[in-house]
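Read through the structure below, which is laid out as structure tokens, and then see the notes.
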Protein chains: 2
Amino acid sequence: MDTYSGTDATAPLTYRSDCPSRTVIEVIANKWALYVLAALRRYERPLRFNELRRVLDGITQKMLTQTLRALERDGLVSRTVYPTVPPRVEYGLTSLGVQVGQLTAAIADWSLEHTREILAARIAFDERAATEPAPVR
Amino acid sequence: MDTYSGTDATAPLTYRSDCPSRTVIEVIANKWALYVLAALRRYERPLRFNELRRVLDGITQKMLTQTLRALERDGLVSRTVYPTVPPRVEYGLTSLGVQVGQLTAAIADWSLEHTREILAARIAFDERAATEPAPVR
DNA sequence: CTGGATCCGAGACGATACTG
DNA sequence: CAGTATCGTCTCGGATCCAG
């Protein structure tokens with residue numbers, strides 16, 4: 001977008017759009033990636049494709065493939081093919097993946113623990129929006 | 001953890017699509033929400049709308065509004081209007097927001113620290129894909 | 001300054017069919 | 001079993017204009 005080469009000393013902490021770490025974050029910042037990492041971490045062992053599919057209720061095989069590819073590309077997930085018949089493919093966490101898995105699992109756990117509070121906040125918010133005739137927005 | 005009506009004893013750990021925590025995760029699992037939480041946490045003080053916009057390089061005001069609304073609705077971000085002229089609106093973290101902020105900031109920090117490794121993994125992956133004539137996929 | 005409203009294109013995503 | 005391919009839908013997200 002814009003490149004301020006030291007133009008503004010008042011903006012010491014910007015999250016630049018060209019920072020490469022953003023591309024990393026954008027891989028993690030999607031629910032299926034979070035679920036895949038969380039699942040692989042929970043089971044503490046490699047899982048097969050259809051195993052993962054059953055575990056991650058609601059995911060389509062397309063999204064699972066896509067997500068696994070992205071995670072594999074970033075070196076977070078390893079893919080091992082056993083040339084048997086029928087074919088057997090296992091997905092496991094790399095050492096990088098284990099690290100991220102701890103972080104993402106923490107988020108998943110937190111979400112689970114605080115679901116009630118957040119659901120309550122939502123209801124309150126929605127009621128406020130509904131009852132306020134002319135909200136000061 | 002969650003309750004499945006005992007249909008399948010071989011699937012003890014599924015991530016059910018109807019689990020309410022998923023809706024929570026889906027709010028967090030988008031890059032702008034992660035950035036907003038990270039920014040509010042870093043600055044350790046409420047930020048105004050356009051402050052946030054400048055900090056989060058590349059975000060449009062639409063997405064910023066949308067993201068802030070979602071976070072506010074979930075009780076992670078508080079919105080305070082000072083009826084001055086021109087209007088002044090500040091966004092801060094709630095206690096819930098501070099908690100999530102720690103988790104998401106950890107991810108952001110990790111991404112920043114491991115950007116090199118991941119970029120390298122990507123290059124390796126892409127080259128493998130390019131050189132392998134008939135990949136065993 | 002802080003948004004809301006609208007239009008629109010690109011990409012996400014789901015469903016289905018097919019293959020080694 | 002573990003995918004790939006194709007198609008249609010639909011939401012996300014950017015750009016622009018407008019308002020209190």
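Per chain, numbering begins at 1; letters A, B, ... match sequence-line order.
- Bending across the helix from C:dC1-D:dG20 to C:dG20-D:dC1, expressed as the angle between its end axes from five pairs apiece, amounts to 50° (10° rounding).
- C:dA12 atom C1' lies 7 Å from atom NZ of A:K62, rounded to whole Å.
- A donor-acceptor contact closer than 3.5 angstrom is absent between the side chains of B:T60 and B:R53.
- Between A:F49 and B:Q66, the residue whose closest nucleotide on DNA chain D is further toward the 5' end is A:F49.
- The interatomic distance linking A:L56 (CG) with C:dC13 (P) rounds to 14 Å, in whole Å.
- Enclosure of atom CZ in A:R45 by more than 12 non-hydrogen atoms of other residues, nucleotides or ligands within 6.0 angstrom is indicated.
- Not one N or O on the side chain of A:D74 forms a donor-acceptor pair closer than 3.5 Å with the backbone of A:L76.
- Side-chain N/O atoms of B:R79 include one lying less than 4.0 angstrom from OP1 or OP2 on C:dG3.
- The nearest whole Å value for the distance from the CZ atom in A:R54 to the P atom in D:dA2 is 8 Å.
- Distances from the side chain of A:Q61 to the nucleotides D:dA2, C:dC13, D:dG3 place D:dG3 closest.
- Within the 4.0 Å cut-off from OP1 or OP2 of C:dG3, at least one side-chain nitrogen or oxygen of B:R69 is found.
- For the pair A:L52 CG and D:dG3 P, the interatomic distance rounds to 10 Å; values are reported in whole Å.
- In this structure, B:N50 reaches the bases: a heavy-atom distance under 4.0 Å links it to at least one base atom across the strands shown.
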From CA spacing to verdict: salt bridge (charged side-chain N to carboxylate O under 4.0 Å, His left out), A:D109, A:R42: CA-CA 11 Å; A:D109 291 345; A:R42 287 260 182 179; 2.8 Å; yes
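- Dashed line: the shortest gap from a side-chain N or O of B:R48 to OP1 or OP2 of C:dT2 is under 4.0 Å.
- The pair A:R122-A:E127 fails the salt-bridge criterion, with no side-chain N (NZ, NE, NH1 or NH2) lying under 4.0 Å from an Asp/Glu carboxylate O.
- The nucleotide whose nearest atom lies closest to any side-chain atom of B:T65 is, among C:dC1, C:dG14, C:dG3, C:dG3.
- Spacing between atom CH2 of B:W32 and atom P of D:dT11 amounts to 22 Å, rounded to whole angstrom units.
- By the 30° and 60° cut-offs, the orientation of the rings of B:W110 relative to B:H114 is parallel.
- Rounded to an integer number of Å, the gap from A:Y35 OH to C:dC13 P is 12 Å.
- Residue order along DNA chain C, read from the 5' end via each residue's closest nucleotide, puts A:N30 first among A:P87 and A:N30.
- As judged by a 4.0 angstrom heavy-atom cut-off over every strand, A:Y91 is placed among residues touching the sugar-phosphate backbone only.
- When the P atom of C:dA12 is taken as reference, atom CD1 of A:I59 falls 15 Å away, rounded to whole Å.
- Listed pair A:R88 / D:dA2 fails the phosphate criterion, with no side-chain N or O lying under 4.0 Å from OP1 or OP2.
- Going from atom CG of B:L68 over to atom C1' of C:dG3 covers 11 Å, rounded to whole Å.
- Residues B:L103 and B:Q99 fail the side-chain proximity criterion, which asks for heavy atoms closer than 4.5 Å.
- For A:R88, the side-chain hydrogen bond (donor to acceptor under 3.5 Å, both in side chains) partners are A:E90, not counting sequence neighbours.
- For B:T60, the side-chain atoms get nearest to D:dG14 when compared with the rest of D:dA2, C:dA15, D:dG14.
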